Amino acid sequence: MFALIDCNSFYVSCERVFRPNLNNKPVIVLSNNDGCVIARSNEAKELGIKMGEPAFKITDFLEKNNVTTFSSNYVLYGDMSHRVMNTLSQFAPEIEIYSIDEGFLNLTGMLVDLEDYAQRMRQTICKNTGIPVSVGIGPTKVLAKTANYYAKKVSEKGAFILDTPDKIDEALKIFEIGEVWGIGRQYATMLSHHQVKTAWDFIQLPDEWVKKKMTIVGLRVKKELEGVSCLPMELIAPAKKAICTSRSFGEFQTTIEPMKEAVATFVSRCAYKLRRQHSCAKTIMVFIHTNGFNQSDPQYAKNIVIPLPVATNSTIELTRYALIALEAIFKAGYRYKKAGILVTEIVPETEVQQSLFDTVDRDKHAEIMKAMDTINARFGRETLRLAVQGYNPRWKLRQEKLSQCYTTRWNEIITVKI
DNA sequence: TCTGGGGTCCTAGGACCC
DNA sequence: TCTGGGGTCCTAGGACCC
């Protein structure tokens, strides 16, 4: 049996831990740049606020309905996620951290009453972290996901267990096909044209048909729904094959200087992520574009891929190439909204193909990076950085409703007034 | 005026190799 | 009239996830 534990309205719940006065009130969290709604409390959902809704379209509505709004605080959510996963890992020998707010447990061979065990997980996580979670349990990952859906939607106890063929049958017969994990909008539409409305309809289809129309991936989903486990636990997160850092600017940029600062900052994030997974990248891509939503503005979008002479994770070296790339694609006369960096062709740092004609002292770079990472780990991100990253960036994110980093910064720790 | 930021996998088709 | 057989690598596009 697999369990899927999913935090309820995770970002909202993180904010509420430190603002308990917001319990039972409508609360939402916005995406970066205070753009779209990406997390909603149940009360906010009941008000009809949609996932992905642009915030500016509902400003008046939010005020009228006393909806508390937060900017995204990923430092806080990341740390809270660690705490949840730590507690969760005590409940089974095998845990897969599937996303910031979800984890699978492998309960195979565990002689426990599943109902009890699910409740113990919920209580312990709530006690240790303050985060409410839902628990779904089933014989495959897809069925555990399905069970989790019912845990959230119908169960009053926050847990749901699909452990007998009858229960599974009953659940699948009323489970909308588009809600199945692995069936997205396109497939749901395609399937509905073939009179497939529910998960149960779906598993009545012939395997060959499903494979032809939906590739092997779709067939796996079908098998999992039938109770045949095809998706194994992934205990160790595999090294990333691509790493991207990109941001929308708080204000439009029309000159190259602030964009250089932005690009250099994004490179430093990418390089850090590479070092953290002990990898180097052989290719870097820089992209910039204007605001596609604004039809009346002249539009421009361009990316450029730079193959590197030797795979690297040095911020200094990557920045040099990225700035050359930016110079090459930047065109004056546009209002730029976004820029980003993508590094690919990632290899383990122990398997870097050297070059006979290398002019870079790689040992020295490695030492500098190590020193930088040590200092920044102790004194905070970007304490030590390249001068080209600048200060007081003009491109900064809009974050008007940012909460404190209660759990990771001493000077932002919660204050209790008596 | 204001619309996020990450990732993965699969397949088909074309170019190329012997 | 007849024109082999077996591969790899790369890319673009399309689907999905949080």
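Quick caveat: nothing in here was measured; it's all calculated off a predicted structure. Chain identifiers are assigned alphabetically (A, B, ...) following the order of the sequence lines, protein sequences preceding nucleic acid strands; residue numbering begins at 1 within each chain. All values below were derived from every heavy atom in this structure, side-chain atoms included, with hydrogens, water molecules and symmetry-related copies excluded.
- Using a 4.0 Å heavy-atom distance criterion, A/F252 is classed as a sugar-phosphate-only contact.
- For DNA chain B, none of the residues of residues 132-154 of chain A falls under the heavy-atom distance limit of 4.0 Å.
- Taking CZ of A/R19 as the reference point, atom CD1 of A/I414 lies at 9.5 Å (rounded to 0.5 Å).
- If you check every strand for non-hydrogen atoms under 4.0 Å, A/K212 touches nothing.
- The gap from the C1' atom of B/dC17 to that of C/dG4 amounts to 15 Å, rounded to the nearest Å.
- Shown for residues 395-403 of chain A: residues whose heavy atoms fall under 4.0 angstrom of DNA chain B, namely A/R398.
- Among the atoms of the strands shown, only primed sugar atoms or phosphate atoms (P, OP1, OP2) are found under 4.0 Å from some heavy atom of A/T245.
- If you check every strand for non-hydrogen atoms under 4.0 Å, A/A55 touches nothing.
- None of A/S134, A/S41, A/S13 except one satisfies the side-chain hydrogen bond (donor to acceptor under 3.5 Å, both in side chains) rule with A/N8; the exception is A/S134.
- Classification of A/R320 and A/E317 as a salt-bridged pair fails, no side-chain N sitting under 4.0 Å from a carboxylate O.
- Smallest separation of non-hydrogen atoms from A/N313 and A/S279: ND2-O, 3.0 Å.
- Remark: A/E382 engages A/T265, A/S268, A/R385, A/Q389 in a side chain to side chain contact (heavy atoms under 4.5 Å, CB included) (not counting sequence neighbours).
- At a cut-off of 3.5 Å, with distance as the only test, no side-chain donor of A/T408 or A/D79 sits close to an acceptor on the other residue.
- Sorted by first then second residue, the side-chain hydrogen bond (donor to acceptor under 3.5 Å, both in side chains) pairs that include residues 223-239 of chain A, not counting sequence neighbours, are A/T140-A/E224, A/D207-A/K223, A/K222-A/E226, A/K223-A/E226.
- To the nearest 0.5 Å, atom OG1 of residue A/T312 and atom CG of residue A/D358 are 9.0 Å apart.
- Nucleotides of DNA chain B lying under 4.0 Å from heavy atoms of chain A occupy a range whose first and last members, 5' to 3', are B/dC2 to B/dT11.
- Nucleic acid contact for A/I216: sugar-phosphate only, since backbone atoms but no base atoms lie under 4.0 Å from a heavy atom of the residue.
- Residue A/I100 is classed as having no contact, given no heavy-atom separation below 4.0 Å to the nucleic acid.
- Remark: A/E170 CD is loosely packed, at most 12 non-hydrogen atoms of other residues, nucleotides or ligands lying under 6.0 Å away.
- Heavy atoms of A/E53 sit nowhere under 4.0 angstrom from any nucleic acid atom.
- The 5' end of DNA chain B is approached more closely, in terms of each residue's nearest nucleotide, by A/N291 than by the other of A/V217 and A/N291.
- Between A/F56 and A/S248, it is A/F56 whose nearest contact on DNA chain B lies nearer the 5' terminus.
- A donor atom on one side chain and an acceptor atom on the other are found under 3.5 Å apart for A/R122 and A/Q119.
- Among the heavy atoms of the strands lying under 4.0 Å from A/R220 are primed sugar atoms or P, OP1, OP2 only; no base atom is included.
- Taking a 6.0 Å sphere around CG of A/N411, one finds it holds more than 12 heavy atoms contributed by other residues, nucleotides or ligands.
- Of all the heavy atoms in A/M233 and A/F104, the pair that sits closest is CE-O, 3.5 Å.
- For A/R275 and A/E349, the salt-bridge test fails: no basic side-chain N is under 4.0 Å from an acidic carboxylate O.
- Residues of residues 173-210 of chain A having a heavy atom closer than 4.0 Å to DNA chain B: none are found.
- Note on A/D34: nothing from the nucleic acid sits closer than 4.0 angstrom, heavy atoms only.
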- Evaluate the ring-ring contact (aromatic ring centres under 6.0 Å, His included) criterion for residues A/Y336 and A/F249: first the C-alpha distance (whole Å), next the side-chain angles of each, then the deciding distance (0.1 Å), finally the verdict. CA-CA 8 Å; A/Y336 291 96; A/F249 304 135; 8.1 Å; no

